[in-house]
*Asks:* 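Can you keep this structure in mind? I'll have questions shortly.
Atoms considered below: every heavy atom in the structure, side chains included; atoms not considered: hydrogens, waters and symmetry mates. If you read the sequence from its start, that first residue is 1, and numbering goes on from there. Order of listing sets the numbers, starting from 1, for every ligand and every atom in it.
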Amino acid sequence: MHIDLFFLPGMVSEKQLVDKTVVLVDVLRASTSICRALKSGARAVIPVEEPGEATEMREKIGPENVLLAGERNGIRIENFNLGNSPREYTEEAVSDKTIILTTSNGTRTYARAKLSDLVVTMGLVNVSAVAGRVAKAGKDIIILCAGSEGDFSIEDTLCGGMLIDRLKTMAGNALELNDAASLALLFYHNNAHALGAAIAQGEHGRCLAEIGFASDVSLATEVDSIPVVPILKDHRIILDND
Ligand code: MLT
């Protein structure tokens with residue numbers, strides 16, 4: 001099995017993703033919010049790129065049981081129901097709701113993977129559940145990190161490295177990695193003892209703390225605390241029931 005990791009969505013073409021298992025990673029915070037939303041009983045999360053697209057989508061599908069969610073510069077978009085703090089996605093807020101979500105980086109990666117075989121959302125909160133699912137799919141895997149504003153991000157790379165570590169334990173040495181995947185694995189091994197601290201000290205972690213979301217960083221680094229497998233089906237992210 002081949003595992004290729006890309007530090008940023010722009011480093012891979014749509015064509016390279018065809019017929020692959022694609023794992024989309026945005027630890028801070030889109031992946032974590034999506035996992036929490038589905039665990040809290042949301043029917044689906046529809047990822048869109050821009051706030052305008054979100055309101056158009058709500059007009060298209062009708063407003064009943066639909067919430068608009070998302071952030072720009074980390075802060076809830078004006079007139080939207082929810083921001084992108086995973087703490088907002090409680091059962092009370094999202095149960096039985098369809099959530100249309102737009103974030104600065106994370107939700108942009110979904111459009112790129114529209115021709116892939118299986119598209120899975122991963123954060124640290126569900127890394128082992130994702131490892132089990134993608135191993136079962138048995139296809140070559142592409143790990144696509146959202147990064148942050150077009151730059152490499154520590155947290156997504158560590159999470160990708162952790163997934164590779166889990167897959168290596170399952171598959172032994174029968175994995176072929178690209179150089180970025182090897183680097184992510186090494187980076188993970190060097191930081192496995194203090195993942196939370198490494199992420200909190202990263203650019204995005206510091207930035208979120210400055211605007212009052214330090215507790216989101218802690219929540220997002222609780223490994224395997226939300227063991228769900230969100231998959232993309234008909235442009236919607238739903239819980240996998242395979
Ligand atoms: C993103 O998609 O860029 C992030 O989820 C931003 C954030 O921390 O809200």
Side-chain angles (χ1 to χ4, degrees), residues 6-12 22-40 42 45-54 57 67-90 93-94 99-113 119-127 130 143-160 195-196 198-222 226 228 230 232 235 237:
F6 295 91
F7 297 119
L8 289 169
M11 295 173 103
V12 68
V22 176
V23 179
L24 300 178
V25 192
D26 185 13
V27 172
L28 298 176
R29 294 169 291 172
S31 293
T32 309
S33 293
I34 291 166
C35 289
R36 180 123 201 263
L38 294 175
K39 176 77 182 160
S40 297
V45 178
I46 305 179
V48 298
E49 295 196 25
E50 299 299 337
E53 256 178 82
M57 177 66 74
L67 298 176
L68 293 183
E71 58 67 42
R72 286 298 178 269
N73 301 315
I75 307 293
R76 177 163 58 88
I77 297 164
E78 208 181 328
N79 298 324
F80 275 33
N81 306 97
L82 300 167
N84 188 30
S85 167
R87 292 186 187 276
E88 292 177 82
Y89 292 75
T90 59
V94 305
I99 300 165
I100 305 172
L101 178 68
T102 175
T103 69
S104 308
N105 305 283
T107 55
R108 294 182 194 280
T109 54
Y110 289 87
R112 199 163 277 271
V119 180
V120 183
T121 297
M122 180 177 78
L124 287 167
V125 292
N126 68 337
V127 65
V130 170
I143 303 170
L144 198 52
C145 300
S148 189
E149 308 296 338
D151 275 334
F152 161 90
S153 88
I154 283 183
E155 61 276 8
D156 295 344
T157 309
L158 283 173
C159 188
L195 279 184
I199 292 172
Q201 284 157 21
E203 279 179 60
H204 200 159
R206 292 195 315 264
C207 191
L208 285 170
E210 269 162 32
I211 58 172
F213 292 117
S215 61
D216 285 1
V217 181
S218 323
L219 191 153
T221 53
E222 284 170 19
I226 313 178
V228 295
L232 189 66
H235 310 293
I237 306 166

*Asks:* I'd like to know if the side chain of Arg76 pairs up with that of Ser85 as donor and acceptor (distance under 3.5 Å, no hydrogens or angles considered).
*Replies:* no

*Asks:* For ligand 1, what are the residues with a heavy-atom contact below 4.0 Å?
*Replies:* Asp26, Leu28, Arg29, Ala30, Glu71, Asn84, Thr103, Ser104, Asn105, Gly106, His204, Leu208

*Asks:* Verify whether one side chain among Glu203 and Ser153 offers a donor that lies under 3.5 Å from an acceptor in the other.
*Replies:*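 Absent: no donor and acceptor within the cut-off.
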
*Asks:* Would you mind reporting whether Thr107 and Val48 have side-chain heavy atoms less than 4.5 Å apart?
*Replies:* no

*Asks:* Drop me the distance from Ile75's CD1 to Phe213's CZ, to the nearest 0.5 angstrom.
*Replies:*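 Going from the CD1 atom of Ile75 to the CZ atom of Phe213 covers 5.0 Å.
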
*Asks:* Measure the CD-CZ distance between Glu88 and Arg29 for me, rounded to the nearest 0.5 Å.
*Replies:* 8.0 Å

*Asks:* To the nearest 0.5 Å, tell me how far Ile77 CD1 sits from Asn79 CG.
*Replies:* 10.5 Å

